[in-house]
Amino acid sequence: MIDIKRIKDDPQHVIELMARKGCCITEEIEEILALDARRRSLIGSGEQLKAEQNRVTKQIPELKKAGQDASGVMAAMKEISDKIKQSDEQLKAIEEQYRTLMLGLYNLPDEDVAPGGKENNEQVRSFGQPHVFDFTPKNHVDLCTELGLIDYPRGAKLSGSGFWIYRGLGARLEWALLNYFIDTHIADGYELVLLPHMLGYEAGLAAGQFPKFDADVFWLESEENERRRFMLPTAETGLVSLHRDELLKESELPLKYISYSPCYRKEAGSYRADERGMVRGHQFNKVEMVQYTRPEDSDRAFDELVGKAEALVKGLGFHFRTVKLAAGDCSAAMARTFDIEIHIPSMQGYKEVSSVSNARDYQARRGNIRFKREDTGKPEFVNTLNGSGLATSRILPAIVEQNQQADGRVVVPEVLRKYLGGLEIITPAGKK
RNA sequence: GGAGAGAUGGCUGAGCUGGUCUAAGGCGCACGAUUGGAAAUCGUGUGUGGGCUAAUACCCCACCGAGGGUUCGAAUCCCUCUCUCUCCGCCA
């Protein structure tokens, strides 16, 4: 949620910032300001009535004690009571509209984030060079199939398109990646959290998934009157709700979490011919990093998360580039996002393997996550940040494609070998 | 799945035959007194959200798990939901 004060102080600037994301919110802002004014006036008049009710009602037992007739006063209070009810009903309706509009607004991009979409993304740095082959490289779908790492047909048989099965060394390679990531994060002082994979609606609301993007997740069937649950689309959704409705101590910040979870996504209508194999599926594995910080620490935390994601990619021996996304390419809930992209030869291009974002106080406001500032004794909203560290589903294809040899074998990155019993090279099934 | 009990401030815990609840007491915390210093003791204060504000000053409103109802008046009575605990059943 955006701070209403920001909207009131400079509505034009808020509209301009949101336009960078390609959203025109002029009408919404006007409506929000009108509703806010109406809301405050109703609160004012309603509270006056309540003050009178409190004052007069207190006298009734005294009148009775004195043996006087209180029926006249009670009748008068009945009228006030009815007026209060009316006024509260109006207020409730107004606040509901107000809240719906506010929840529907995306986060504002940071001042330094470029307007526009992908075309305005800006490379901030890169590491290494794209791998050059002295033979014609195969794509990861063929390699994974030939090496027996991934079973695509049976994945489709079990669950339909967009699902695959990791088998044998493929499963172990996946597991090795997760272990490499998790061990690195633990060494960096992050707490490992294993979350429920089914989350309640409020978790999605706090993270910014809902109300606008509820079609992107898998919903579980629920009875009438039963809590609605969905399959988590990223561990971020769970980690951000960890401290929902809590007042944290300033001294315990920053909180640094990582979580491994499969991510379940509908990805409706997003299939493209170049996203074969494991590049986009309904379920993929990811280790997610999340930090809760004081506002003044969040830029530093952002750099830390980007650095950590880069270090993991570097550790695997990959060339990568780090890209600062233009406003329109950032997620709705985020003020800034850097992507780390690696080269996947078969796609003749770069694919995102990590996306690090700063939500500022947008998620904290939605989820009511605050800390008590020691200097002032007052609660403030925290900043939340998240980043993938990393998603394996695009790393494994990159490993097999980039590390393939002319004879079809694949070299195991050194950092993973200790998780694979020292295995240095993966040989096609049958060949030893 | 069946039966029962419960949810009160940072924590603990009373209130729950509706009106001295403006939520007791204790612990903790902050400040002060005392002290050479500390402990102990004593005193004072101690939440959140909102409205009005130059104000983190007053004043006002709301908040006893959440939502609704009854009433002039609800922590207290009624209904619905969520969560926790105990016992039974089932189960990796």
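Residue numbers start from 1 in every chain, and the chains themselves are labelled A, B, ... in the order their sequence lines are given, proteins ahead of strands.
One interatomic measurement links the two molecules: CD1 of A/I43 to P of B/rU53, which rounds to 13 Å at whole-angstrom precision. Look at CD1 on A/I84: it is 14 Å from P on B/rG69, rounded to the nearest Å. The NZ atom of A/K8 sits 13 Å away from the C1' atom of B/rU53 (whole-angstrom rounding). Between A/R99 atom CZ and B/rG49 atom C1' there is a gap of 14 Å when expressed in whole angstrom units. In this structure, CG of A/L248 is placed 14 Å from P of B/rU48, rounded to the nearest angstrom. Between the CE atom of A/M74 and the P atom of B/rU71 there is a distance of 11 Å, given to the nearest Å. Atom-to-atom, CG of A/L49 to C1' of B/rC72 comes out at 14 Å; the value is rounded to the nearest Å. Put simply, CG on A/L247 is 14 Å from C1' on B/rC11, counting in whole angstrom units.
Rounded to whole Å, the separation between the P atoms of B/rC79 and B/rC27 comes to 39 Å. For the C1' atoms, the distance from B/rA7 to B/rC91 is 29 Å, rounded to whole Å. To the nearest whole angstrom, the two P atoms, one in B/rG19 and one in B/rU12, are 26 Å apart. Of the C1' atoms belonging to B/rU80 and B/rU70, the separation is 15 Å, rounded to the nearest Å. Rounded to whole Å, the C1' atom of B/rG4 lies 48 Å from the corresponding atom of B/rC31. With both ends at atom C1', the span from B/rA14 to B/rC90 equals 40 Å, rounded to whole Å. Taking atom P on both B/rA62 and B/rU20, the two are 14 Å apart, rounded to the nearest angstrom. Annotation: B/rU76 and B/rC16 have their P atoms spaced 12 Å apart (nearest Å).
Evaluation of the ring-ring contact (aromatic ring centres under 6.0 Å, His included) rule for A/W175 yields no partner, not counting sequence neighbours. Looking at residues two or more places apart in sequence or on another chain, you find a side-chain contact (heavy atoms from CB on, under 4.5 Å) between A/P11 and A/I29, A/L33.
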| query | How far apart are the C-alpha atoms of A/Y190 and A/Q291, what are their side-chain angles, what is the distance that settles it, and do they pass the side chain to side chain donor-acceptor pair (under 3.5 Å) test? | reply | CA-CA 9 Å; A/Y190 284 65; A/Q291 285 207 29; 2.8 Å; yes
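The residues A/R300 and A/D303 are annotated as not salt-bridged, no charged nitrogen and carboxylate oxygen being separated by less than 4.0 angstrom. A salt bridge does not link A/D339 to A/K324: none of the charged nitrogens lies less than 4.0 Å from a carboxylate oxygen. Ionic pairing of A/R20 and A/E16 is present here: one or more N-O contacts between side-chain nitrogen and carboxylate oxygen are shorter than 4.0 angstrom. Ion pairing between a basic and an acidic side chain is recognised when a charged N comes within 4.0 Å of a carboxylate O; A/D329 and A/K118 show such pairing.
Nucleotide B/rU56 is matched to nothing when pairs are restricted to Watson-Crick or G-U wobble geometry with both distances under 3.5 angstrom. Nucleotide B/rA14 has no partner under the Watson-Crick or G-U criteria, as no pair reaches both atom distances under 3.5 Å. When both pairing distances are held under 3.5 Å, B/rA24 makes no Watson-Crick or G-U pair with any nucleotide shown. Across every strand in view, B/rA75 sits unpaired, with no contact that passes the Watson-Crick or G-U test at under 3.5 angstrom. Remark: B/rG6 base-pairs with B/rC83. Criterion, Watson-Crick or G-U wobble with two distances under 3.5 Å. Using the Watson-Crick or G-U wobble rule with both distances under 3.5 Å, B/rA62 pairs with B/rU48. Using N1 to N3 plus N6-O4 or O6-N4 for Watson-Crick, or N1-O2 and O6-N3 for G-U wobble, each under 3.5 Å, B/rG43 pairs with B/rC31. Within the shown strands, nothing qualifies as a pairing partner of B/rC90 under the Watson-Crick or G-U definition with both distances less than 3.5 Å.
Place A/K372 and A/I60 on RNA chain B by their nearest nucleotides, and A/K372 ends up nearer the 5' end. If you find the closest nucleotide of RNA chain B to A/K378 and to A/K78, the one lying nearer the 5' end belongs to A/K378.
Among the heavy atoms of the strands lying under 4.0 Å from A/M77 are primed sugar atoms or P, OP1, OP2 only; no base atom is included. When heavy atoms are screened at a 4.0 angstrom cut-off, A/K92 is found touching the sugar-phosphate backbone but no base atom. Backbone-only contact: A/S81 has heavy atoms under 4.0 Å from sugar-phosphate atoms and none from a base.
Taking only side-chain nitrogens and oxygens, A/R39 comes nearer than 4.0 Å to OP1 or OP2 of B/rG51. An OP1 or OP2 oxygen of B/rC21 is reached within less than 4.0 angstrom by no side-chain nitrogen or oxygen of A/K58. For the OP1/OP2 pair of B/rG50 and a distance below 4.0 Å, the side-chain nitrogens and oxygens of A/R40 include no atom meeting the criterion.
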| query | Can you give one letter per nucleotide of nucleotides 57-64 of chain B, going 5' to 3': B for a protein heavy atom under 4.0 Å from the base, S for sugar-phosphate only, - for none? | reply | ---BBS--
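Relative orientation of the A/H243 and A/Y292 rings is perpendicular, given thresholds of 30° and 60° on the angle between their planes.
Listed candidates were B/rG19, B/rG51, B/rU48. Nearest to the side chain of A/K64 is B/rG19. Of all nucleotides listed (B/rC52, B/rU48, B/rG19), B/rU48 comes nearest to the side chain of A/R370. Nearest to the side-chain atoms of A/P61 among the listed nucleotides B/rU71, B/rG51, B/rG19 stands B/rG19.
Within the 3.5 Å criterion, the main-chain N or O of A/G389 finds a donor-acceptor partner in the side chain of A/H185.
Among all heavy-atom pairs drawn from A/P262 and A/L232, the shortest one is O-CD2, 3.6 Å.
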